[in-house]
Amino acid sequence: MSETIVSRLKEHRTFAPSAEFSAAARVTSHEAYAALYAQSLEAPEEFWRQQTTDIVWRKTWDTFCEWNLPHAKFFVGAKLNVTETCLDRHLTTSARTRAAIVWEGEPGDVRTLTYFELHREVVRFAAALADLGVVAGDRVAIYLGMIPEAAIAMLACARLGAAHSVVFGGFSAEALRDRINDCQAKVLITQDGAYRRGSVVPLKQMADKALLETPSIEKVIVHRRMDDGRAPVTMHEGRDVWWSDALSRPASEQSMGLARRPDAFDAEHPLFILYTSGSTGKPKGVLHTTAGYLAGAHVTTKYIFDVKDSDLYWCTADVGWVTGHSYIVYGPLSVGAACMMYEGAPNFPDWSRFWSIIERHGVSILYTAPTAIRAFIRAGDEWPNKHDLSSLRLLGSVGEPINPEAWVWYHTVVGKGRCPIVDTWWQTETGSVMLTTLPGASYSKPGATGLPFFGVEIEVVKDDGAKVAAGDGGKLVIKRPWPSMARTLFRDDERYKQAYWSQIPGVYFTGDGARCDSDGYFWVVGRIDDVLNVAGHRIGTAEIESALASHPSVAEAAAVGKPDELKGQALVVFVTLKSGQVASKALKDALAVHIDKEIGKFARPDQIRFADALPKTRSGKIMRRLLKEIASGTAQGDTSTLEDLGVLASLRASDED
Ligand code: PRX
């Protein structure tokens, strides 16, 4: 079932937090976790009432949950503005002068924004957006690198009640165009260029290409990051405006009002759309709404990262993915955390960069991805060992299964055996963490993500929905609605129903395979649908295939994953060519460049293999399982339904070169 990295090490140890860590934690024992978990399921409204007292409710809710399978509403009747919880409320506490964001640029420049300053910047930028015509209910696309302006832009949209749609800066112009058009964004916020591994990604130039075919966009706001002319920009008269100029426009009456108290929105008012890959067709616009999402991000951050005023918390994800939304912006700011933010690559100028950031700034909580950890292992222990990492007290992992070797290395070499590790399982659609251990409460088992978070009723089941026995594999499903769940797919409710709620009646199907052991710990093995997780990036095989099929030489393509030591999964594509086209190294390179253009460089296949034909069943379905086996070089499975056995020999012969 799993294609993810297969552990060579049998690791049966469990790792308990130190007595000192537990004593200072929010939840100090497994029993306390279990009691709170029981309350969260038995008396959910009471649980969420008690846990959300720090949220600034302008009006409390009338009904906690309305559940019309598969549509949920939470905190119905409540009114709030998310930014009051993330910003305004901190202005009357000691957080006012504390760092909200400590940012380091790739070239080494550092900027710190206190809560006071971040609030001011958000209010000013919200006023600028309002002056440009953005109103509640609009969509705003954000195509930025990892700079504080990304958080400012997101929060400014939230302040106005406009839904943001952040597009990861690694996506191509074509991918940006499609996402803008799908959500009909009115404004695009971008920057001239972003630093990445010493070079410059020309975001505005790429945006300009997208903007040739995005009729909904009325205004483009451009932040100037480069001051050395490395990313020249053409400003389009009447459409494009520099961020700094937008701020200095005379504030309208409405804008002035924003500095006082922002409008409050309904609990179910859209907060953001985030596109993610599915097993079929185009990317899905996952829609999250105001109160439930904030409640989920807030409560998970509070308990899982156990953030204290003295902490400097660093989530290394990109704001373009859901981890960046929930655990760089909304969750941490809602609890008043000081957040480290870094612009560039982990290995620039060398593999010391992360460790040097931790040492120089005193990072105490580090939340990163297994693929990064494996890359650090490969680079060598000398890099972390050169630095003083004694400020660290808690480590986190997210995005893919962490193999026990990587877990133990993270614990030993980075955490020096002192720091608990939380392995958090969740998805774009779940909005916040669903499975984890609480760091002061329960021991960890390397390779297992852990236990259900509060309010999460989760099970491993067979196809008919029956629970499997402890230790048996099956499909991971969530059995009741939770506040931060996606409400629908933007303008495609049918697909929402079909993708998540049709496989197993009455429950949310995650797309993941898992098992739950006799201690109640969940072991997530990875996707069992046609979605790949390559270096923590979620990639739909259908997207890759349709991108390849749009190349003039390609007749048909099939994309599959194979286990990879570093990336968890590697992407292998099998391509058949149109008649008259000749397989060559040059064509292979052209196809790789074509994927860069259609989707983005991060989706570049690790292998492109030309084949005479793809293996199909008699009914014409591509036999992916067989292709996976061929890609992985594993034993050949059942080929009894294969239409043409001759295809097999030619596929096996189609090695990388
Ligand atoms: O397969 C699971 C994997 O990432 C998928 C969700 O991807 P995405 O929506 O991009 O969100 C990633 C960040 C939350 C899941 O279906 N996944 C995520 N976290 C873990 C994981 N697999 C195993 N262990 C995890 N901790």
Side-chain angles (χ1 to χ4, degrees), residues 1-5 7 166 168 170-171 273-279 283-286 288 296-297 300-301 304 315-328 330-331 367-374 395-404 406-407 410 421-437 444-453 456 458 460 475-478 484-486 489 499-500 508-516 521-540 543 561 567-569 602-603:
M1 177 188 291
S2 168
E3 294 161 351
T4 51
I5 191 156
S7 177
V166 182
F168 171 54
F171 275 115
I273 297 162
L274 185 57
Y275 286 88
T276 189
S277 296
S279 50
K284 306 185 277 197
V286 171
H288 282 288
T300 48
T301 306
I304 301 168
C315 167
T316 70
D318 193 285
V319 285
W321 307 112
V322 75
T323 308
H325 284 56
S326 302
Y327 299 110
I328 293 179
Y330 291 106
Y367 187 35
T368 194
T371 194
I373 297 167
R374 290 191 295 263
L395 304 173
S397 174
V398 62
E400 44 176 324
I402 179 164
N403 48 310
W407 197 102
Y410 197 27
I421 297 180
V422 289
D423 179 2
T424 61
W425 177 89
W426 60 295
Q427 309 178 298
T428 306
E429 294 86 345
T430 69
S432 61
V433 174
M434 300 279 103
L435 288 170
T436 183
T437 46
S444 307
K445 299 185 183 192
T449 85
L451 303 159
F453 187 73
V456 178
I458 190 163
V460 181
K475 293 180 168 172
L476 187 65
V477 300
I478 305 179
S484 67
M485 67 192 271
L489 296 176
Y500 308 108
Y508 170 85
F509 175 48
T510 63
D512 278 358
R515 64 192 170 84
C516 180
Y521 278 61
F522 284 80
W523 300 71
V524 176
V525 292
R527 305 289 310 195
I528 49 176
D529 52 8
D530 291 323
V531 174
L532 304 178
N533 192 332
V534 178
H537 291 144
R538 184 164 156 180
I539 299 175
E543 278 167 78
K567 300 172 164 189
Q569 282 188 304
F602 69 93

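Predicted model only: the values in this text are computed from it and were never measured. When a ligand or atom number is given, it counts from 1 through the structure's own listing order.
Looking at Gln427 next to ligand 1, an N or O pair under 3.5 Å apart turns up. Any N or O atom pair closer than 3.5 Å counts here, and Thr449 shares no such pair with ligand 1. For ligand 1, one of its N or O atoms has an N or O atom of Thr424 under 3.5 Å away.
The aromatic rings of Tyr500 and Tyr508 lie parallel to each other, their planes meeting at an angle below 30°, with 60° marking the opposite boundary. Between His537 and Trp321, the ring planes lie tilted relative to each other; the angle falls in the 30° to 60° range.
The protein non-hydrogen atom at the shortest distance from atom 1 (O) of ligand 1 is Asp512 OD1, 2.9 Å. Closest to atom 6 (C) of ligand 1, if we only count protein heavy atoms, is Trp426 O, 3.7 Å. Among all protein heavy atoms, the one lying closest to atom 3 (C) of ligand 1 is Gly399 O, 3.3 Å.
Between Val398 and Pro370 the shortest heavy-atom distance is O-CD, 3.2 Å. Minimum heavy-atom separation, Leu435 to Gly450: CD2-O, 4.2 Å.
By the 4.5 Å heavy-atom criterion applied to side chains, Ser432 and Tyr327 are counted as neighbours. With contacts defined as side-chain heavy-atom distances shorter than 4.5 Å, the pair Thr428/Arg538 qualifies.
Ring centroids of Phe168 and Phe602 are separated by less than 6.0 Å, placing the two rings close together.
Taking all heavy atoms of Glu429, Glu400, Arg538, His325 into account, the minimum distance to atom 20 (C) of ligand 1 is reached by Glu400. Of the candidates Val524, Asn533, Ile528, Thr323, the one placing a heavy atom closest to atom 13 (C) of ligand 1 is Thr323.
Ligand-side atoms of ligand 1 in range of Asp423: 25 (C), 26 (N), range being under 4.0 angstrom from any heavy atom.
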